[in-house]
Structure formats: C-alpha cells, structure tokens
Number of protein chains: 4
Amino acid sequence: MAYSSGRHFLQIPGPTNVPDAVLRAMDMPTIDHRGPDFSNMLLGILDKLRPVFGTDKVVIFPSSGTGAWEAALVNVLAEGDRVLMSETGHFSSLWEQMAKRLGLEVNLIPGDWRRGADPDQIEARLREDKDHRIKAVAVVHNETSTGVASRIPLVRQAIDNAGHPALLLVDTISSLGSLPYEHDGWGVDVTVCCSQKGLMLPPGLGFNAVSDKALAISTQNGGMRRSYWDWGEVLKANERGFTHYTPATNLLYGLDKSLDMLLEEGLENVFSRHRRHGEATRRAVRAWELEILCDSPEEYSQVLTAILMPEGHDADALRKLILERFDMSLGAGLSKVAGKVFRIGHVGAFNDVTLIGTLGGVEMGLQLAGVPHRPGGTQTAMNYLAETAG
Amino acid sequence: MAYSSGRHFLQIPGPTNVPDAVLRAMDMPTIDHRGPDFSNMLLGILDKLRPVFGTDKVVIFPSSGTGAWEAALVNVLAEGDRVLMSETGHFSSLWEQMAKRLGLEVNLIPGDWRRGADPDQIEARLREDKDHRIKAVAVVHNETSTGVASRIPLVRQAIDNAGHPALLLVDTISSLGSLPYEHDGWGVDVTVCCSQKGLMLPPGLGFNAVSDKALAISTQNGGMRRSYWDWGEVLKANERGFTHYTPATNLLYGLDKSLDMLLEEGLENVFSRHRRHGEATRRAVRAWELEILCDSPEEYSQVLTAILMPEGHDADALRKLILERFDMSLGAGLSKVAGKVFRIGHVGAFNDVTLIGTLGGVEMGLQLAGVPHRPGGTQTAMNYLAETAG
Amino acid sequence: MAYSSGRHFLQIPGPTNVPDAVLRAMDMPTIDHRGPDFSNMLLGILDKLRPVFGTDKVVIFPSSGTGAWEAALVNVLAEGDRVLMSETGHFSSLWEQMAKRLGLEVNLIPGDWRRGADPDQIEARLREDKDHRIKAVAVVHNETSTGVASRIPLVRQAIDNAGHPALLLVDTISSLGSLPYEHDGWGVDVTVCCSQKGLMLPPGLGFNAVSDKALAISTQNGGMRRSYWDWGEVLKANERGFTHYTPATNLLYGLDKSLDMLLEEGLENVFSRHRRHGEATRRAVRAWELEILCDSPEEYSQVLTAILMPEGHDADALRKLILERFDMSLGAGLSKVAGKVFRIGHVGAFNDVTLIGTLGGVEMGLQLAGVPHRPGGTQTAMNYLAETAG
Amino acid sequence: MAYSSGRHFLQIPGPTNVPDAVLRAMDMPTIDHRGPDFSNMLLGILDKLRPVFGTDKVVIFPSSGTGAWEAALVNVLAEGDRVLMSETGHFSSLWEQMAKRLGLEVNLIPGDWRRGADPDQIEARLREDKDHRIKAVAVVHNETSTGVASRIPLVRQAIDNAGHPALLLVDTISSLGSLPYEHDGWGVDVTVCCSQKGLMLPPGLGFNAVSDKALAISTQNGGMRRSYWDWGEVLKANERGFTHYTPATNLLYGLDKSLDMLLEEGLENVFSRHRRHGEATRRAVRAWELEILCDSPEEYSQVLTAILMPEGHDADALRKLILERFDMSLGAGLSKVAGKVFRIGHVGAFNDVTLIGTLGGVEMGLQLAGVPHRPGGTQTAMNYLAETAG
C-alpha cells in the first residue's frame, strides 16, 4: 500500500471515530483507583450513564462486548436453562454459540439476515412454552453485520402478550448512544453494550444495565458459577465510586468525556443526526441501483448500511481496493454473507461532509472495481443532506 | 484538598507511572481491527512478549488482572478439582476466593502475610496427595499486598520432588517486567499477568502465558464451561494477527510501545534497576527504625515495600496526610493489614530522583503525622544510590 | 452555532490540517535546549530541511511567516534600498507595506490579482535600472490570497537576461512542501517560509533559506540594524545543534516528525498529490460554472483554488453558512476581493475522500445559499480522481 | 548515556516543566485563526492575562523572549536614544548588546552579578542626566543567570525621586507568574515576558505589557522603524479577538489552559509556593556549606538558586554527571560564571516531593563528583518543607 497522506476514513460500523477530545482525555497519567479523584470521576460517570441507558444500575467491565454478552447470560441463567434467540445475523449467531458453550439450551428462531427479530414468532414460541422453561428472550437491537434494527418495544409486547415471565436481554452494542433506547421504559432486564460504537471510545469496556428483576435473580443464587462477571460486587463497590477489580482507568477518562459530549449535543439530536445520515446513505445506495441488505424499511439501521454486491462481484475485493486507493476502511460481510456484502458505518462522531467523502470513496471504488452501478449516489445524498441541513 | 501544582507522585505498587511515550502512543485514532495494520501490530506485539514472559504462547484479554486469574483457572480446572494455594496475602486470598466461587476445592497452606509460598509445605502437601487429586498448584509470584516475592523455581522443584503431576499456575501481576521471570525455564504451566504494573500501561489488559501441557488440557475438553476466557480461539486468531473478539486497540498501541521501551532498556537492566531501588527503599525503612512487613530477606520484593506502622498509629491517616500535603499516593494496607501497613511502589517507569522524592515525602509525612521514627532514611537511601549509581 | 459532531473540516489554505502524529510529537515534555538531546534533534532537522528547501543554509525563527518576511528584508537591504515587487495579491501587498515601513523604496509592478509576477515586466524594469539601484526582486511564489503561482525560474531568467545583480527573494509560505521548489537550483537568494502550510505544523516557526551571496551581504555589514532577525548568530549556533535564542522546542518536535513524513511519502509524490487535487478542484469549479480567480492556467496554484462569486452574491455569507451548517472552514476573500472570492485549501495532509467531502460541502453550501451554479462539480471531481487514482 | 527510565527532571530555570494538561491542550487540531472560535479564545486569554501582568494592554508575539526584548525597545526608543541599564548578569548583558545593535546608546551601571539593579545608582545617574537624554531605564526583574531579583518598586521610586521622565522597561521573563508583579501598580511602562517559565508553556510566545505613556510614544511616531514588532496593529486586531499576523494557535491553546491553572491555584498561592521552595533550596545549599551566588538576601530569587562551586571544581562536569547518572538537567553558569556556577530551577509547575528529588539528585551528584560539601542539605530542606507544609 502506498504512503497515505491525510486522515484515514474509518467507516466500519465500529470501532468508530474517536473524537480528539476523547483521545486526549485518555492521554493523562493513570491515577490511584482507590483514591478520592477516582471515586469522584466514577460517580460522575455512573450519573451520566443513566440517561444514556435509560436506567440507573449500570455495571462496567474491563472487557470487550463479548464479555458483556457473557456477563448478561451468567448472572441470570443457569446451565440447562432455555433461552429464546432470534437469528438476525452474525452477531446474534455468535451470542447463540456463546450461550451453547456456557451450557444453555437455545431455542432459535431462524432468520434470513435481512430482517430483525420477529415479535409474532417470539410471542408464538413463548405461548407454546406453557411450563415456562424459557428463562430469557435474547435479542440483538442493532445487528451490526446486517444493518437491521430489531424493534425492542414490540419484542417486549410479544412477551407481555404471551404472559410469559422470561427475562428480556438486549444487545445494544452498536445502537446505544446512536438509536433511541430505554432500558426501563421498554421493560428490558439486561442491556449489553460496549465502548467502541455510539459511545465513541476505543474498545475495552463492556456494560450491563440491569433491572431489579434481573438483579434479584443474580443475587439470590441465580445464574451460573461466576466470579469476574458477577454484578453484585461491582454494584456494591460502585456505591462509593470504586470497583472491586482494577478498573480500566484511562478508558474511563475517555468515557467521562464522551458522555459529556453526548449530553452536550443532546441525545435527541444525536438520534436525529444518525437518522439523517442513515437516510442519506440509503438514498445513495438506491441511486447506485444497488440493494440494501435490510429488506424491511421499518427496521433500517441508522448506524450502518449493509449493501449487497451484484452477482459475480466480490465485496472484499472492493473493500481492499478502496482501502488501498482511498485509505478508507469499510466493514466486511461476515460468515454467511462474506464477500457478498460490504458495510458503511455512519455511527458515532460523524458529520455531513465526512459522510459525503465516505460515499464518494465508495462510488469511486465501485467505478474502479467495475461494479455495475449507476453513478450519482453521492450527489443524491448531497441533495438530501442539503435539503435537511439544520 | 488544596490545589496541587506539579506532578502527582503515583507511588502505589500499580497502576504504575505510565511513560509519556506510552500515553501518547495510545492517543491515536482507533484502527480497523480486521485490517492489515492491526494484524502487523499484533504479530509484532506477540513477538516482543516472548522474551518478557519467557515463552511463546501468550493470550491477551481485554480485562483486568482478575480476569486473567479466572482465565487461568477455567481453562485447565474443572468444577470440583482441587487446587493447592498458599496464603501469602490479600491477592492470594482473592484468587482463592475466586477459585472457590468457580467451584474448585482449595487446599490452602495458611500464611502470616510476611513470607512467600513455602516450597517445603507445598512438597509435603503434594506427597500426601497420593491419588493426585490436586490438579494445580497456584502461587502469587510477587504478593502486591505485602511486598514478598515467592521463589517460583523452588516451588517448581517442590512439585518435581514430590513427583506430582499438578500444573503450576503463577500470578506475575506485579512482577512481570520488573523481577526476573521465565515461564518455560521455570516450568510454569500458566502465567497470569496484566498491563498496569511492570508493563507500564494503564489497566485494561489481562494476559495468560500457556505451556503445551496446559494448552492440551484446555483444548481437550479440560477446564470448565467457558467462552470469553477460552484460549483456543484467541490463539487460533492470533496466528494471523487477529483476535476473535474486538481487541482493546489503543491499549495495544501502548503495549507495543512499552515493550519496545523494556527491550530497549534491556530486561536485565530493568531487573537490576528494580533491585537497586528495592534495596534503597529498605535501607531507608531500616534507618527510620520502622519494620518491613516481609520478614524473609531472600523474599524481599523489589517492586514494592510494605511497612508496618508502629503500634497505635494508623497507616491510612498517614497516607491521607501525605496525599493532601504532598500530592503523593501510597498503597494502603489491605484487609488483614488494613491501617497497619502502607506500601511504597518502586516499580515500572522510575528513577533515582523520583525515589528520593518519594522517600522524602514519606519521611516528611511520618514527621507531620507524629509517627515515631528516626530521621535520615531518605539520606541513607541517597547514600546507597550514590554508591551504586551506574 | 449548533453542536458539531465529528471532525471539523479545516479547508482554509493554511493553517492546514496537522497530522495526528505531528500533534502527538509536539505533546511531549519540553527539554533543555542546551542539552545533548536537543542538539541531536536540531542537527537532524537541519539535515532534513535540505531536500525540502533545496539548499543547505536554513535559518529557523520562533515567529510567524511575517517575521520571516522581515528577516529576509533586514538582512540584505538597507534603508533607502530599492526593491522590485510584483503585486500578485493580498500577501504581496502586505510584504510591500512591510518593506515601506522598514524604509525601503518599493518599485511596484501592479497586477490585477489574477496572474503571477510577470517575468517580462520584471526584465524590463531591471533593464531600465541602469545604475543598479534595485537591490532585490521580491516575489511571492504561491499567492495564498488568489491561488496563483508565479513561475520563479522565469523570474530568475528575467534577472539574468537583464544582466542585473539584484538579489532574488521568494516567499514560499504556501508553496514549500507542496509545489516543486529549488532554492539553489532556481538561483534564489532568500527563501521565506513558515510552518503552517505544506510543512503541516501549527503556526509559530518562520524560515529563511539563504544563498552564499545573501549571507555575505548580511555578514559584511549589509542590511539594516537588526538583532532578532540576524542570520549570523543563528547559523553559528546551529553548527553545533543549538540556537542563540530559546527555540520553540515543541514546534521543533513537530517539525522533526513532519519532515520525516514528507520524506517518507517522497517529495515528488507530495507534489503530484497536490497537482491532482488542484486539478480535481478546478474541474469541480468549472462544472459548477463558477469562475476560477486565476485566469492564467499555467499559473494555477495546486494548493488552493480561489473562486469568484457570481455578481450579487456574498462570499462571506456563503462561508458563514458552510461553517454553521457543515462545520467546514473556507478561506475568505482578502482586502480587494473581500466578499467576492472564497478559497478552498487543498494543501498539506490531505487525501481524495477529504477533498470530496470538502467539495460536497461547498456544493451543498452553494445550493443552500442560493448561489447560481450547475450541480455536479463534486461528481466531476470524483470522476477525475477515480480515473487518476494511483 | 544509558537508557533512562522514568521521568526526566527538568530543573533548569526554564523552560520549566509543562503540565500534562497544558501539553494536552496544545495537542488539538489547529483552527481557523479568522473564525469565531479563535476570536473567543483570544479574548478570553487577554482577559486572563490582566491579573497576571497587572495591567490591561498585553501584546503577544510569536517569538522567543529575545523577540519581546526587541519589541520593547523598538516601539519606544529611536536610534541614538540613551537607555540606562544595570548589569545584573548574562541576560541583562544580552539585552544591553541587543540595544547597542539596534543603535541605542547604553548608559551601563556595572555589577558583579551577585546583586540586583541598584536603585541608588539609578537615581544618581538620572539626576546627572539634567537634559533628560536618557529615554528609558531597563531592568531585568529576575536575572535568570544569577538567581537575583531586582526590586522594581525601588527602581520606580528612584526614577520618581530623580524627577526624571524616563520610561521604565522591565524584563519579567523568569519572574512573571512566579514572583509578585504589578505592571500598573509599580508604574512600569513596558513589561517583557515569554511563555516558558512561570507561564508553564513551551517556548514560542513573547509578551509586552504596555502603559498608556509607552503606547502613546509608539503610536505617535516614536520608536524605530519597525513592522513585526509594532504594537499598534496587534492591539487593534486584538480588540475583536484577532491578530494581524498568523498567531501560534496551538501555543495559545496551551496559554489558555495554563492561565486557568494559575488563576485556579490563585496567584498569591503561586507566589508563596515559590517563596517556600526558594527558601528550602537555599537552606539546602547552606547545609551543604556551599555558597549562594546572590549575596543580597533581600534580592534572593524565589524561582532559581545559583550556586558557586568550590574553587577548583567545574560546575559543568557536575551537571554532566548529574544528567548522565540521574537524568536531571540543571542550569549552566553562563558567560562570566561559566563553569563556576550551576543553577537549580524551582519555578513553574512544581511541588515539594519534586524539589526533594531535585535536591537529592544534586547532593548525590556532589558526592559522586567529589565536590567538597557537608551532606544533609536535602534533609535540611525536608525539615523546612515539613514544618511549613500547608
């Protein structure tokens, strides 16, 4: 690859572009995690997390998002417990595999990777489960591999309609801080998240938000044998602003700053910014006469768009060309859709002109790679952005 | 607390002072962890970790050190397995508690927190274990709560003398990169470490170094049900420079740099620097006529010194005074020795003049807090440092 | 102005976008400027400046570019000396004003701000100056206010054709490191530059490159009374890697890094990158059916493009709208062309997708501001960039 | 020199240790210096400079401190004007040389480099100057080469006693922000300063604070021919938050932050911190039975201490040894006192434990270099610091 001048365009759907101010906040000496400055910072962070998750009990782990998945499962489900999962894409499948490895029995609703979790099927499965062997319904809110966002309130309603006591576990890894989300308001029991998407941080922090019901199970001998992922000690230590493990101090500096930025922009503004960029991107794709992977418009993700390659064209060859010629990273198709799909991230710290550069890079790549398309997608996106500019 | 000018002295025994160059390395945009630049970096890191651990299979987790403890246990031990542990202090006790939580049966050799693991007792216990129910011997190399370093080669020899097949698991959290250590050379099966001590990084990375014997157990259905902590997938993905979870990219930037720094200084030089600072500190303590917690000179830790307070004087009051008046953090006494002990870290990125400032701050604190002592410890340390200056 | 997410687009023609690696290099503790580390760094910088200026005697001042202008004048010209200047735009006029303030007599060749210095007129004026009262010809290489690049080799040839001994002083403030330039090869006597354009640094450093002829004048009682700007002491101190004033240490850290980056990319590659981005931008402007200020194609600047607004439309209103809606800074029209012109910088650390974002922002701005134009300039630039992508 | 671990001790009397928060503030993208964000920042900086200088008209130059010296002279003095200067050390001599180079006639009161400017002699010289040919009295407040602080109010009184109209020019390069200073309150006409001492920044900014009287001279055709250093245009542009040259944007980011830090600590607290560290250092020197260069206790500098070497011992050899063995930079003796004196800086961002480390490093160096001294200076300083700890 030739020497690259200027700024790399990181347009994968996460890790997202970390704002300079967040990087700089992390670039400070590590402090004593048993001292008063740390305690003040952590208490502040926990306060600021509340509006973002829409609840008040949030557990932070030094971990990747997969760690937060594991924490969600092991705190409330025991070996042999049954969990209802919906195949929405690569990440729902990875979570399913993890559940099985941990000894859970997975009741899977299969999917074609082009739609979200189906509330009707969830309700039907729960109605069939007369003796309530299903202990939890686990759904990925925004499926990062496909660009489809499941409608969590409808899933909650499905559970309620079935009159089923199962817990609701939701992976918000690529949605939190970008799509509207309300842990309490939507009746979620465990929310799973991590740092490197809408929270605009490097990877390294996992999160669980926890309902009273979930917490009660965890503390009353529910869940599996566990130590690292146990919520109880974290929540106890958090009360005074501490942790019972050594926290990832410098990532927390960054979190403190990124939460300030989200709240300063205003969550509603953040959400509408993502909606607008999602719509602009989809208009570009349609103008190119390419196909959006998500075929359910009410489930379009606002944080990424996955695009199907025309038959006979390789998405990875396109991505490689774009990386080498234009120094821009795009998301690959994963497992089932490898080579068939590429993904454009429009999530996190982002703005109109960066989106235009991104779409321009994609359009030039399509042209250079000989991928059949109608030129003009970038122009179409510009028209929409100009029309809707604040 | 009044406004503090100048640089905070972080003299807890970890997290240690992160060099500016390491902080700055981490202060760069996050990159695509599925792209070629990431792969090159990770392969380079894995190469540079080899001489530091003294072995070639090292697994990195986004986690705290406690996560790496858990990983060590769950990959090679099954519920109900017996593990022989030695009570050396707070951290050995936390590891013991974790083992119990995870369903292991702990065979504990009690200790008074002033000595390391006793090879003779380990040998005796193993000899008693005729039917080899003990599956592992777990030892903390450098007990951060007490400043006592167990002699791992003697532990290895004890196992061999007993002709016992137990695995040897060693926590090197506060020793690796500061005290001599050889995973292969000393016949260790699992080495546990993390980022924030001798590796001079912020917290957030956990490590396991793994022997062939341990890996074979892990991959052949040994250990417990696990997902996040499983070595197999990490090692497989690492072969091409990737990870099967989203890695803590920016902490890895820092690790890449800190390994360069350790190797540039030269590990032998790093070790002798710590020995010299350990000795200088102990000379200061003796000159103050205070008591070093470790009462076994051949087990003195070179990375921290824990000091017993004279009867009737509170270590935490002293530490608070020193923090408020001199903007220096010292390590607290933990659990059994809370209030009775304070700890001076002399580990990581450190030099003679910083040690003198540190000891001077302690000596001024002793004076202001009315702790009985003979003045002159700082001067004594200076004499030793001057005599032995390179 | 609303809260801005994402990265500000700084597309003024300087200060340019400082690469992260350069900012981070500057973000290190200041060192002793009389110590060996400083000396090694400065000697290295002076070495690396040679290929960039195309000569070996370069003087660095802690100053803005205007300071380097002043230094160029006061070292070789005395009060009352006559200097031949060409009006190419705002910056040539500021240099002219400075010359007058310093007591020089300016012989000015007027211009319409749409062309560079005219070699024929220069030759004619010099031929008229039979008694060689003109001591210097001063030309701005790249006129930042207009986007016109004067052809320095033709100016040199004009002087030679006239057989005139005048010195040649060249302002390369916005050209060095972006347009081909050769101090020695082109027979320049004093080159003026500063840090914040092609050298990809924040402002704060001024440069003079000096021919033997110019240096001889300066050291042999030529020039004006001066102290700060005198070359002699700087050059003497530089020999051993020091300065006779306190140097701007941290900006020099950045310079050390930015020179590494320029040389790693390769100067020829840097120049062709700028040519390509200049051409793409001009194609966009023509597609918009707007007028490029420079009306002499062989003098198009490759580092910025100044664009004339259609009659009745205010460039500053457009720039304000673009700043507020799209968080992008463009260059204003200055003095004579204030309000009539806006300038797009495509200089320094820059790449194709950033250019497309930039042009897209301009095109959306034109639309929102109701400026008459034909849509499609961004698309036209994309076509050109795709055709010519490396 | 061997590899150095830990943090370099920069204990020269400037550049001083730049706080991490200031370095990080500078490590942000350069912005448009003609845009609203810049304007807001500069207006804020000018506000915060007022209490620090004790006046409201402050001019900032991208320059070293020598540039600010030149600016002070050329704005109010014309070639041939007479200026009364007091030889207090190396820096007063450099300023004198500059004055001569610029064509001023210097009336010099000689000194032995161990005392400050003598108010009685100044008064006497001014009384002799019946026809008021002396246009200015120029004094260095804190002579960085000797550690002697002249008493500016007494100098002002001397001028007043003599009934002389001369301007008072004061160099506060190493005093401002560390020693009490009041431009207006003390009747100073031009104050000269720069960024790298008490203002805790890297070098690169020069300052002039200007009285109405001085400004009137400058604007009414007083001073010399000048352009870069002219106050008029700067002050005019500053009114709206701009500059008429390209400002050193990133250094201004740092200044904005460092002023916040000074004002947060409180100037009185800053001054008393320096007094206390000055006294502790002098007590150490006396305990070592070495001689302080300043032999006028009421003129002791609180920002540095210059120490005379015993006969037959070379200060530079000592400094070299300390740099190589202990990674600490000390100030050299300059010109007249080269090799005879070394200087300890205790200025800027600094605290007790850093001072102890510094003195410890000096004491170990004295021992290793075989410099005759009585051990115990560091201990003596510790006793004083403990007694007086806040």
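In what follows, chains are A, B, ... by sequence order, proteins preceding strands, each numbered from 1.
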- Where do D/Leu23 and C/Asn250 land on the side chain to side chain contact (heavy atoms under 4.5 Å, CB included) test, with the steps shown first? CA-CA 9 Å; D/Leu23 285 174; C/Asn250 292 50; 3.6 Å; yes
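Per-residue heavy-atom pair counts under 4.5 Å with chain D were compared for C/Arg34, C/His244, C/Lys320, and the maximum is reached by C/Arg34. Considering only heavy-atom pairs separated by less than 4.5 Å from chain D, the leading option among C/Thr249, C/Thr66, C/Asp32 is C/Asp32. Between chain C and the options D/Leu102, D/Val74, D/Val18, heavy-atom pairs under 4.5 Å are most frequent for D/Leu102.
You'll find the side chain of C/Ser64 reaches within 4.5 Å of the side chain of D/Pro62, heavy atoms only. For the pair C/Pro29 and D/His8, the minimum side-chain heavy-atom distance is 4.5 Å or more. D/Arg101 places none of its side-chain heavy atoms less than 4.5 Å from the side chain of C/Arg226. Between C/Thr246 and D/Lys197 there is no side-chain heavy-atom pair separated by less than 4.5 Å.
Neither the backbone nor the side chain of D/Ile173 has a heavy atom closer than 4.5 Å to any heavy atom of chain C. Heavy-atom distances place the side chain of D/Glu233, and not its backbone, under 4.5 Å from chain C. Of the atoms belonging to D/Gln196, it is side-chain heavy atoms, and not backbone ones, that fall under 4.5 Å from chain C.
Aromatic rings from C/Trp229 and D/Tyr228 are positioned such that their centres are separated by under 6.0 Å.
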